[in-house]
Amino acid sequence: KPVLLPPDVASGLLKPVLLPPDVASSGAGEPLGAVTSQISAIQLSRQDQPLASEERLLGETRPSNGLDVVEEDLPDELENACSDDDDSDCSSIIGSSSTASVALLSSVEEPMSLAEDDREERPALVPSLFPFIPPTLYFSTAKEKGENLLRPQQRRQLKWKMSSVTPNVVKHTVGRSHFKATKKSHDWLGCWGHHMKSPAFKTLSEHQKLNHFPGTFQIGRKDRLWRNLSKMQVRFGKQEFSFFPRTFILPQDIKLLRKAWEDSGSKQKWIIKPPASARGIGIQVIHKWSQMPRKRPLLVQKYLHKPYLISGNKFDLRIYVYVTSYDPLRIYIFSDGLVRFASCKYSSSMKTLSNKFMHLTNYSVNKKNSEYQANSDDKACQGHKWALKALWQFLGSKGINTTLIWEKIKDIVIKTVIASEPYVNSLMKANVRSSYCCHELFGFDIMLDENLKPWILEVNISPSLHSNTALDVSVKGQMIRDLLNLAGFRIPAREDVATPCSSASSSTSSLCGGNRDRSKHELSADEKVKRAFYLTQRYADQDFVASVLDVLTPEDVRVLAESEDELSRRGEFERIFPSPSSSRYLRFFECPRYLNLLLNQWEQKHWNDRTKCIGLLRTLCQKGVHLGTSDPAHMWSKCSYVSRFEAHRQDPVSPSRSRVVVSLQHRSHRHDDDGSDREVASVSSLPASPSPGSSVPSSACTSPQPSPAQSLLPQQFASL
């Protein structure tokens, strides 16, 4: 009988497709290419549909004049993919489809499975590098078989919340790790779903992970991306931020655009885009003012009219970027990606500007061209889609320095993510209980010009993971598997999932080996003093900044151990921030972050000897320092640190430098409930002008600047 193929809802390409009997009966015995070719033929014949999730997320016709305006278009909460009349709570990840349909789906979305006995067996849990830190769940490839040695109680906790946008490549990966789909809103561990309004993130319990951060539309919407990058360019200059074309947002910039248009002459080409569209919808290349639409918000950019061509065709790169944390900021880039070609040879003639197959590289546009050539070989340089690694090999064979191009792309990625950092961290602090709850995959679209300079085109906060060819499966399947391992999913303690996520409190004991994972609200007075000390300095010579590692507090040890554990699970991802060379990026942050400073110094000191730094942290974790300690050796202010540092300075404090005084006052007139006296930490500073070349901003995001008589951060320390 004909088989109903479940749609790949992440790409939004299709409604459910009814396969003809000859395709449905081909089964797993047919070669992979034959099956995918038949399915691709059916898919390519379908008319494009707008991506429902992105329509809801981005609000195509609504101008973005403020945070609240943009968020009106986001869902209020996570949707339930399971129907309400489903009697069962949990089901398999794939669903209750017939055996034939599951087999057919697997043949499209997954590489050929090996025989059961030939698959490598892998443990269900990955142990931490450090004592008293719990293991993380292991996500396997199709060539591996995960052990299912978890206790029954643990297996029952492996629940994944399904969404209408959960792509099949994610379903397969979590399904191999023994997860079950659930429709309940409070007992799941992971979800790959829609973005939501920021207040909706408050419903996440501390043991749950969603694949978004609040506020990432600040780079995910085209208009917000260009606004934020333009601000960075004004602040730091075109030498640092020259990787995006000149951009105007209409109607606000109409006068500026008109002047630039007249100054550029009649031969200048311009590309217009809706500020919140996707997949090539609404994009045009024009050269006459009369062609400019007047009735909707628009993004207008100078057209990159001299792209680098391969065999006469224009192309762009889809780069996969993964952010595991915004404070501290940790950015990873996947080693592979996709190269997407326009399906007509490029011409700079004005007469060709209406030819979308020539000027647009979107797969969703070019697949409609009868001359489009598919490619299923991730190592072949053929057809209109290549693997990124294949491109590097092709360019390398022509003597091109691909390492230099890759480094420039990484520079673009870091600066662009930093542009979103203040917005995301502000919304995280207001709406998210634990940094564990959020992680996000971005799809950066990059184009190379004739000089091989990379330019950013846009950033996708829900990049398509649709996989209908072996090439897609090879790149995206490995990427998702490595991403989920990097995410560090943990099995929570039973009491953590017993309370619905709407509860005002939730224990995180499972996240730190039976003790609470110390959150941003649990810093000790000593740790707050140390952070204030380093963030309020108005000079930043290397000796001073490096001293942040001299006395490691419990929170320092916990964050460093978490980062080393995460790095060890990176797979084919590369961490690009922090890195040994990330110091130069600290000045681009609108607000200095102590943990960024800490990790940056850790990388500079230990990047070439990870064995040594892991050994150091292992010793500290064995003592339980990361769980909290009263050992004076790990209490920064008790080490009389400031006086020791000042004593070793070669020069006295000059007018261009500030002197921070840290004092511990014994409060004898007031007792705590347990009868013990409490020490009160205070920080004060003599202000001075910043010195040239400072890489650490002069204040901890306080405005206005404190006067000599004021204490820094008075509200934070008054309660200690």
Side-chain angles (χ1 to χ4, degrees), residues 122-123 125-141 209 211 213 319-336 406-407 410-411 413-414 417-418 421 434-436 438-442 478-490 511-513 517 548-549 552 555-583 585-586 593-622 625-626:
R122 298 296 298 265
L125 295 172
V126 179
S128 169
L129 297 172
F130 310 103
F132 306 118
I133 294 180
T136 57
L137 289 165
Y138 180 75
F139 294 86
S140 61
T141 66
K209 272 187 182 290
N211 62 309
F213 290 93
I319 307 297
Y320 294 107
V321 174
Y322 180 51
V323 177
T324 60
S325 168
Y326 263 88
D327 187 16
L329 184 61
R330 292 195 293 259
I331 309 172
Y332 294 81
I333 192 168
F334 193 59
S335 61
D336 210 350
W406 190 234
E407 290 302 315
K410 290 191 285 188
D411 179 72
V413 167
I414 294 171
V417 174
I418 289 176
E421 189 267 353
S434 170
S435 59
Y436 174 86
C438 297
H439 62 132
E440 190 149 3
L441 173 69
F442 298 91
Q478 180 70 38
M479 185 265 296
I480 286 297
R481 176 259 191 181
D482 288 349
L483 181 152
L484 293 176
N485 281 323
L486 194 49
F489 283 84
R490 290 171 177 163
L511 304 183
C512 204
D517 186 19
V548 74
L549 300 177
L552 294 178
E555 183 70 2
D556 291 345
V557 175
R558 188 195 67 79
V559 171
L560 292 172
E562 177 184 79
S563 298
E564 289 297 330
D565 258 339
E566 184 180 274
L567 187 64
S568 71
R569 303 189 302 265
R570 66 189 179 277
E572 292 295 315
F573 278 94
E574 174 191 356
R575 193 174 73 185
I576 58 176
F577 190 95
S579 72
S581 59
S582 59
S583 291
Y585 295 102
L586 294 180
R593 310 280 179 193
Y594 169 81
L595 293 180
N596 290 335
L597 180 67
L598 177 74
L599 283 178
N600 178 69
Q601 290 304 310
W602 183 261
E603 275 302 296
Q604 287 198 42
K605 184 174 182 179
H606 296 294
W607 68 272
N608 61 346
D609 190 356
R610 300 228 84 90
T611 303
K612 180 179 179 180
C613 71
I614 290 172
L616 170 63
L617 291 175
R618 187 175 286 131
T619 300
L620 296 177
C621 289
Q622 186 65 51
V625 173
H626 64 300

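Please read these numbers as outputs of a predicted model, since none were measured by experiment. When reading the values below, keep in mind they use all heavy atoms of this one structure, side chains included, and skip hydrogens, waters and symmetry mates.
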**OP:** Considering only NZ, NE, NH1 and NH2 on the basic side and carboxylate oxygens on the acidic side, decide whether R558 and E562 come within less than 4.0 Å.
**Re:** yes
Subject >> Presence of salt bridge, E421 and R593, under 4.0 angstrom >> reply: yes
Original post:
Just checking, any donor-acceptor pair under 3.5 angstrom between side chains of S582 and E603?
Top reply: no
Original post:
Do D336 and Y320 have side-chain atoms, one donor and one acceptor, less than 3.5 Å apart?
Top reply: no
Are [X] and [Y] close enough that some pair of their side-chain heavy atoms sits under 4.5 Å apart?
X    : Y    : value
T324 : R575 : no
D482 : F139 : no
D327 : L595 : yes
D556 : Y594 : yes
N596 : P578 : no
H439 : L486 : no
C613 : W602 : yes

Original post:
With under 30° as parallel and over 60° as perpendicular, where do the rings of Y322 and Y332 fit, or are they tilted in between?
Top reply: tilted
Subject >> Any pair counted as side-chain hydrogen bond (donor to acceptor under 3.5 Å, both in side chains), so long as it reaches residues 611-621, sequence neighbours left out >> reply: none
